[in-house]
Amino acid sequence: MARLNDEVAALLDEYADLLTLTGGDAFRARAYTKAARAIAGHGADLAGLDGKGLREIPGVGKSVAEKVDEFRRTGAIQALTALRAQIPPGVREMTAVPGLGPRKALTLHRELGISTPAELRKAAEAGRLHDLPGFGGRTEQNILHGLDLLQQSSERTTLDVAFDVADEIVAALAKVRGCRDCAYAGSLRRFRETVGDLDILAAAEESGPLMDAFVALPLVTDGGEVIVSGPTKTSIRTARGLQVDLRVVPPDAWGAALLYFTGSKAHNIRLRTMAVKAGLKLSEYGLFDASTDAATEERIASATEDEVYAALGLPWIPPPLREDRGEIEAALEDRLPTLVTVDDLRGDLHLHTDLTDGIATLEEMLATCHARHYSYVAVTDHAPDLVMQRMTDEKMLAQRERLRELAGRYGRMRLLHGTELNIGPDGGVDWPAEFLDGFDLCVASIHSHFGASRDAQTRRLIRACENPHVNIIGHLTTRRLGRRGGIDADLDAVFAACARTGTALEINASPQRLDVNDELIRRAHQAGVHFSIDSDAHSTVQLDNPRYGVGQAQRAWLTPDAVINTWPWQRLKRFLDKDAKNAKGSEKAGSKPK
DNA sequence: GCCGTTTTCGGCCCGACTGTTTTCAGTCG
């Protein structure tokens with residue numbers, strides 16, 4: 001766990017859940033949830049805050065501050081420990097089943113004595129649920145489906161969590177005496193959208209000290225377990241269920257090992273096949289001449305990845321491309337793409353402030369963007385049709401005025417006033433054209449009616465693209481990793497509409513979304529669509545999200561040119577003026593301009 | 001439990017959707 005903030009936030013969240021589960025005051029529970037969210041998204045590390053600093057975090061009052069302090073002093077929160085004793089942890093786990101909330105979970109626990117997801121599955125399969133008051137046949141089926149979803153997700157870990165753990169381990173092992181090199185490999189290095197386990201690689205003459213340091217890490221000693229432990233490989237499982245494999249190799253085999261353990265398997269097979277055809281043999285220990293016998297075999301390359309690729313007649317291939325999806329052929333023909341990187345991003349075009357459901361102020365978000373050296377940034381709070389956000393025309397206009405006042409306050413960073421519109425069931429959006437005219441940029445996203453038919457979803461998205469004020473379609477499929485699949489729509493038809501109307505497609509970089517995914521990015525790219533890689537940040541911490549989105553873009557072979565927020569302002573400005581572009585297009589086509 | 005140029009008490013994000021009901025409870029965003 002990287003920051004104390006995250007650790008404390010998790011405990012407060014648990015406390016809130018347990019309060020709800022024990023039938024406590026709902027508002028009290030919500031106060032803890034709110035405080036947890038504020039703490040997780042708070043810029044400063046909790047470890048360095050005094051009582052006054054704690055209370056300055058919005059949503060943190062006397063009681064929460066005391067609990068935070070208690071945890072810092074004693075490593076536990078008494079009130080939480082007491083609640084844990086009342087409710088088996090499995091009951092809280094059950095509320096993670098989509099469609100199953102605290103009330104139903106508590107009913108199941110009290111009436112049927114069910115206290116784990118496994119018991120829940122058994123009872124549902126045996127048809128024991130549908131006789132309970134408030135439960136029926138459909139509920140039973142939905143719970144079974146929800147359990148399936150949960151199981152799938154529990155086997156994969158999102159990138160934010162995976163990077164936190166990987167960074168912590170690499171940092172700790174790199175400091176061990178005799179460690180020449182240490183890095184994460186596997187699907188994390190390839191930036192897959194979620195990872196099953198972590199592969200950590202280290203180079204050292206002697207593996208013992210590294211293995212010892214590994215199993216002594218807090219990640220392992222605090223509720224984790226050692227699965228296997230040997231001289232070249234040790235596997236552990238963290239308390240949160242993430243398996244981590246550490247492999248230690250001799251320093252002169254570093255490159256070959258890194259290549260081997262980065263994968264993908266399909267990529268490696270292609271490389272090995274190429275080696276065999278050239279009379280060579282490729283393994284995690286190096287590239288060898290296959291004609292010599294095992295005892296005297298001659299090592300051709302192994303120290304660096306570069307060296308191994310070069311010996312096979314290839315340039316170095318970036319890890320996100322290593323999926324055997326054409327990268328070997330491209331490398332042979334010297335047409336690997338120059339991939340977009342985080343440093344290419346000149347701005348963020350989708351973020352929220354505390355005017356709606358963000359937790360940081362406008363000024364805090366802008367200051368953090370400025371520290372990231374952006375040339376421009378768009379503030380895009382929610383629009384009124386997402387009723388719970390209570391947006392009004394007045395609030396939006398006041399924010400715009402404030403933003404205009406702040407112009408020039410953050411160096412040369414250009415401040416754009418935008419909004420995240422809701423795409424209604426028929427494809428309409430929150431405000432009429434006259435009001436939309438006032439925005440510099442509009443993102444439009446689906447937030448409701450996820451279950452509409454394929455035809456209806458397709459029509460609604462195409463209509464949104466055709467709206468001259470909609471510049472970017474946000475989180476197109478609306479999926480939440482491990483929680484919810486995407487909507488059903490003819491996405492290729494939507495991509496065609498995006499390309500035709502000059503509407504960009506968002507690569508939503510929130511690690512819980514990564515929407516759209518690499519496959520869809522690739523398809524859309526082929527259809528001529530442009531992209532915007534955005535954080536969808538609801539806190540200053542989340543403004544770091546774009547790294548995950550860039551990873552997906554790299555997996556889809558995107559170059560900076562395909563990404564509108566790598567463009568200089570003047571070029572982006574022309575792109576945002578859909579009216580001018582379409583008028584030009586329709587002049588050519590001879591049809592009437594809008 | 002938190003918070004306050006409407007409040008130091010009395011509110012607290014509001015409405016849709018689903019599945020169970022026959023007027024509503026629970027869940028979700």
Side-chain angles (χ1 to χ4, degrees), chain A residues 11-13 15-39 54-68 70 77 79-80 83 94-111 124 129-146 149-150 352 354-359 381-392 395 398 420-425 430 445-452 474-475 478-480 483-487 508 510 512-513 515 536 538:
Chain A
L11 292 174
L12 293 176
D13 259 330
Y15 188 63
D17 285 354
L18 292 180
L19 278 175
T20 310
L21 274 170
T22 49
D25 176 16
F27 290 115
R28 215 175 129 223
R30 193 191 289 167
Y32 280 105
T33 306
K34 261 177 83 174
R37 218 166 85 84
I39 285 172
L54 282 176
R55 296 285 294 270
E56 277 169 4
I57 302 173
V60 175
K62 180 165 172 287
S63 186
V64 172
E66 276 172 11
K67 287 187 173 65
V68 172
E70 181 189 353
I77 298 173
L80 174 61
L83 273 184
M94 279 159 45
T95 64
V97 175
L100 187 60
R103 309 306 290 250
K104 283 203 162 78
L106 189 60
T107 303
L108 291 167
H109 179 57
R110 293 219 168 122
E111 300 298 322
L129 306 188
H130 64 253
D131 291 332
L132 285 175
F135 288 74
R138 292 298 293 271
T139 306
E140 204 164 67
Q141 288 312 306
N142 287 343
I143 285 176
L144 278 171
H145 177 64
L149 267 180
L150 190 66
H352 299 271
D354 62 1
L355 184 62
T356 54
D357 58 351
I359 60 164
D381 271 309
H382 286 289
D385 286 356
L386 203 58
V387 183
M388 61 180 173
Q389 306 293 349
R390 292 179 144 187
M391 179 52 73
T392 63
K395 281 160 87 172
E420 183 181 11
L421 299 165
N422 303 286
I423 304 176
D430 308 63
S445 321
I446 287 180
H447 294 110
S448 64
H449 299 85
F450 304 120
H475 50 71
T478 75
R479 72 164 178 179
R480 304 296 295 255
R483 294 287 298 176
R484 179 173 78 206
I487 56 164
N508 187 296
S510 161
Q512 280 72 42
R513 289 189 185 270
D515 187 7
D536 194 2
H538 288 67

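We name chains A, B, ... by the order of the sequence lines, and we start the count at 1 in each one. Worth saying up front: this structure is predicted, and the values here are computed from it rather than measured.
Judged by distance alone, the side chain of A:Arg480 and the main-chain N or O of A:Gly485 form no donor-acceptor pair under 3.5 Å.
Among the atoms of the strands shown, base atoms are found under 4.0 Å from some heavy atom of A:Arg28. Using a 4.0 Å heavy-atom criterion, one finds that A:Gly137 contacts the sugar-phosphate atoms exclusively. Using a 4.0 Å heavy-atom distance criterion, A:Lys62 is classed as a sugar-phosphate-only contact.
With a cut-off of 3.5 Å on both Watson-Crick or G-U wobble distances, the partner of B:dG19 is given as B:dC24.
Close to B:dC17, at under 4.0 Å from its OP1 or OP2, lies no side-chain N or O of A:Ser448. At B:dT18, none of the side-chain N or O atoms of A:Asn142 fall inside 4.0 Å of OP1 or OP2 (strictly under the cut-off). For B:dC13, the OP1/OP2 oxygens have a side-chain nitrogen or oxygen of A:Arg30 closer than 4.0 Å. A:His449 has a side-chain polar atom (N or O) that falls below the 4.0 Å cut-off from OP1 or OP2 of B:dC17.
Rounded to whole Å, atom C1' of B:dC17 lies 13 Å from atom CZ of A:Arg138. The distance between atom CD1 of A:Ile143 and atom C1' of B:dT18, rounded to the nearest whole Å, is 13 Å. With rounding to whole Å, A:Asp357 atom CG is found 13 Å from B:dC13 atom P. Distance CZ (A:Phe27) to C1' (B:dG11): 8 Å, rounded to an integer number of Å. Protein atom NE2 of A:His145 is 15 Å distant from nucleotide atom C1' of B:dT18, rounded to whole Å. We find that CG of A:Leu18 is positioned 16 Å from C1' of B:dG1, with the value rounded to whole Å. The separation between A:Phe450 atom CZ and B:dA16 atom C1' is 11 Å, rounded to whole Å.
Of the N and O atoms on the side chains of A:Asn422 and A:Asp430, at least one donor lies less than 3.5 Å from an acceptor on the other residue.
Atoms CG and OG1, from A:Asp25 and A:Thr20 in turn, are 9.5 Å apart once rounded to the nearest 0.5 Å.
Ring orientation note: the planes of A:His352 and A:His382 are close to parallel, at an angle under 30° on the 30°/60° scale.
Comparing the C1' positions of B:dC17 and B:dC12 gives an interatomic distance of 23 Å, to the nearest angstrom.
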